Amino acid sequence: MTSVVIRAEALVKDYGSVRALRGVDLEVEHGEIFGFIGPNGAGKSTTIRLLLDLLRPTSGEVEVLGQNPAAGGPELRSRIGYLPGELAMSGNRTAREHLEYMVRLRGGSGANRLEPLAERFGVELDKQFRGLSKGNKQKVGVVQAFMHSPALLILDEPTSGLDPLLQREFLDLLLEAREAGATVFMSSHVLREVEEVAGRVAIIRSGEIVDVENVRVLRNRAGQHVEFKFGEVVSQEDFAGLSGLTDLEVTGHSLSAVLRGSPDGLLKAAARHEVVSWSASNLDLEELFMDFYRMPDET
Amino acid sequence: MFNETYPITAGVLHDQRRSLTVWGSAMAGITVMYVSIFPVMGGLDIEALVSSFPDALVEALGYNEIGTASGYISSTVFGLLAPIILAVFSIGVGSRLIAGTEEDGTLELELASPTSRRAIYVQRLGALWADIVLLVAVVSAVTWAMVVGLSLDVAFMNLVAASIGLGLLVLGFGTIALAVGAATGRRPVAIGVAAAITVVGFMFDAIGPTIDAGWMMAVSPFSWYMDNNPLSQGFDVVGTAMLAVLPLAVGAVGLIGYERRDLMV
């Protein structure tokens with residue numbers, strides 16, 4: 001078994017004259033849950049479609065489970081579970097008919113997990129697909145992606161449409177799959193969707209990977225919004241020059257700021273006054289996209 | 001069994017079961033309606049009426065033998081209604097089975113499954129061909145039942161020859177739609193190309209004899225099918241062979257295009 005499950009090198013994909021991927025480099029290691037984050041239209045789905053041999057690269061190399069997707073063909077895809085970003089299934093079939101169809105396409109693989117997984121997610125197996133709500137359709141997509149216990153799960157915006165309880169169930173399922181030795185590659189346009197389970201995260205913007213980081217490092221970089229209320233009037237100068245502190249606003253008894261990195265300096269400065277209340281909330285990583293990655297194009 | 005060996009063909013046919021029932025019933029109804037009128041028309045001396053038409057019009061309408069049972073059934077059911085209606089069905093289904101499902105995204109999971117593009121293409125084409133065989137069989141069986149019931153003068157083997165010709169003709173149009181759709185991924189293009197070939201072929205077959213343009217009949221699938229009046233003359237080896245080569249050749253070209261292309265599900 002190779003330790004690198006997905007490898008892309010200088011991967012370029014053009015649609016006509018439009019360059020969708022501009023040299024993507026990726027390495028996803030065996031057993032990790034890898035987040036693939038970027039705004040809509042950044043090239044997430046294009047990358048995924050190259051992994052599944054729906055698209056062929058314009059140039060560059062791509063390998064999945066040690067094989068080129070086109071050369072690996074059906075045998076390679078039998079070891080992949082895929083959840084599309086926009087799940088479309090014929091409305092006339094019931095959920096059960098769809099899932100049994102997928103089992104047949106996989107030569108019978110996964111038949112024994114169909115019922116248990118469907119039950120776990122509360123899939124209404126005997127309803128026509130067109131009659132299902134968005135969330136219920138998504139559950140069918142989740143079951144078909146996981147039921148044959150694939151070595152690699154490729155999930156495009158997986159939790160969209162799932163209610164919070166089922167998102168929890170879904171994340172548990174992901175962790176179980178990893179426990180069983182699977183590798184997970186999941187894309188999202190919001191980091192919140194992957195930050196709870198992902199180890200490393202790649203950020204893609206305009207067809208280029210701009211960053212690959214541990215999710216905790218990213219979280220740190222995004223920082224926290226902190227607020228203090230004091231028992232006395234404090235002044236801006238008491239907190240000026242502290243490292244990692246930006247957007248500092250001090251008015252009367254209160255302070256608000258954005259903190260990145262260690263809170264030590266801020267807490268010690270605050271402790272010199274009477275602290276009535278305080279709060280720190282994680283800044284959404286969307287805001288990270290906003291200020292950190294939405295840099296103007298240098299080209 | 002069939003379900004396991006050809007899951008895609010089986011799946012398509014399962015999805016189509018209601019629409020096939022409707023199309024089959026409609027074809028049976030049309031056949032019964034037209035064939036049952038023939039004995040009534042015998043009393044109207046239809047040949048005398050037709051002989052008063054200009055020769056070119058008679059030729060264009062294919063009414064040369066309208067007074068005989070085989071000529072009448074040729075001019076109505078086998079030469080006009082069944083080919084046109086079944087061509088509409090065939091082009092509609094052919095364009096949907098690959099290009100249509102690619103456009104609406106329902107093909108995505110199938111493509112991501114352990115199935116080759118070739119298997120998807122061949123099995124979907126197989127479903128289209130099975131549809132057409134079934135519907136042509138309905139037309140043929142109902143025609144034969146009417147021929148026997150009304151004691152009409154049509155030879156069984158000639159009906160078989162005409163049915164094979166009709167089946168191959170319609171299969172050709174449907175295969176063009178499926179192949180163009182597979183090679184381009186665009187359903188409107190598939191419908192446009194296949195419909196244009198059908199209409200031009202039909203017009204060439206009708207106009208060719210009246211303006212002495214032999215080349216029009218040489219390239220028209222309708223002429224390959226009907227030129228030698230299979231219902232009265234039986235098998236035409238050359239015409240039947242041409243009709244058989246068309247879907248096979250177009251089908252092969254479509255597959256080559258499909259295996260090489262980016263799929264935009």
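For clarity, every value in this text was computed on a predicted model and none was experimentally measured. Heavy-atom basis, side chains included; hydrogens, waters and symmetry copies ignored.
- Heavy-atom neighbours of A:Glu176 CD from other residues, nucleotides or ligands within 6.0 Å: above the threshold of 12.
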- Message: Under the criterion side-chain contact (heavy atoms from CB on, under 4.5 Å), I'd like the reasoning laid out for B:Ser113 against A:Arg77: C-alpha separation, chi angles, the key distance, then a yes or no.
- Response: CA-CA 6 Å; B:Ser113 80; A:Arg77 287 197 296 276; 6.0 Å; no

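- Once rounded to the nearest 0.5 Å, the distance linking CG of A:Asn92 with CZ of B:Arg17 reads 8.0 Å.
- The greatest number of non-hydrogen atom pairs below 4.5 Å with chain B, out of A:Arg56, A:Met102, A:Met89, is found for A:Arg56.
- Of the inter-residue distances, the one linking A:Glu100 atom CD with B:Asn3 atom CG reads 9.5 Å to the nearest 0.5 angstrom.
- Within a 6.0 Å radius of OH in B:Tyr34, no more than 12 heavy atoms belonging to other residues, nucleotides or ligands are found.
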- Task: Mind running salt bridge (Lys or Arg N to Asp or Glu O under 4.0 Å) on A:Lys13 and B:Asp262 for me, showing each step along the way?
- Result: CA-CA 11 Å; A:Lys13 180 64 196 172; B:Asp262 282 342; 2.4 Å; yes

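- Of the options A:Arg106, A:Glu75, A:Arg79, a side chain to side chain contact (heavy atoms under 4.5 Å, CB included) to B:Pro114 is made by A:Arg106 and by none of the others.
- Around CE of B:Met203, the count of heavy atoms belonging to other residues, nucleotides or ligands within 6.0 Å does not exceed 12.
- Heavy-atom distances place the side chain of A:Leu87, and not its backbone, under 4.5 Å from chain B.
- Heavy-atom distances place the backbone of B:Glu259, and not its side chain, under 4.5 Å from chain A.
- Atom CD of A:Glu86 has 12 or fewer heavy atoms from other residues, nucleotides or ligands within 6.0 Å.
- Under a cut-off of 6.0 angstrom, the local environment of OH in B:Tyr6 is sparse, with at most 12 non-hydrogen atoms contributed by other residues, nucleotides or ligands.
- Note on B:Arg261, B:Glu108, B:Arg18: by heavy-atom pairs under 4.5 Å with chain A, the leading option is B:Glu108.
- Of the two parts of B:Leu107, neither the backbone nor the side chain holds a non-hydrogen atom closer than 4.5 Å to a non-hydrogen atom of chain A.
- In plain terms, the two heavy atoms of B:Asp15 and A:Ser90 that are nearest each other are OD2-OG, 4.3 Å.
- For A:Tyr101, the part lying under 4.5 angstrom from a heavy atom of chain B is the side chain only.
- Looking at A:Arg93, the atoms closer than 4.5 Å to chain B (heavy atoms on both sides) all sit in the side chain, from C-beta outward.
- Considering only heavy-atom pairs separated by less than 4.5 Å from chain B, the leading option among A:Asp53, A:Leu54, A:Leu52 is A:Leu54.
- Annotation for A:Glu179: atom CD does not count as buried by contact number, only 12 or fewer foreign heavy atoms lying within 6.0 Å.
- Contacts with chain B were tallied for A:Ser109, A:Pro84, A:Gly141, A:Gly107; A:Pro84 has the most, counting heavy-atom pairs under 4.5 Å.
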- Task: Verify side-chain contact (heavy atoms from CB on, under 4.5 Å) between B:Ile8 and A:Leu105, making sure each step is shown before the conclusion.
- Result: CA-CA 8 Å; B:Ile8 299 170; A:Leu105 291 180; 3.7 Å; yes

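- Nearest approach of B:Ser116 to A:Pro74, heavy atoms of both residues: N-CG, 3.7 Å.
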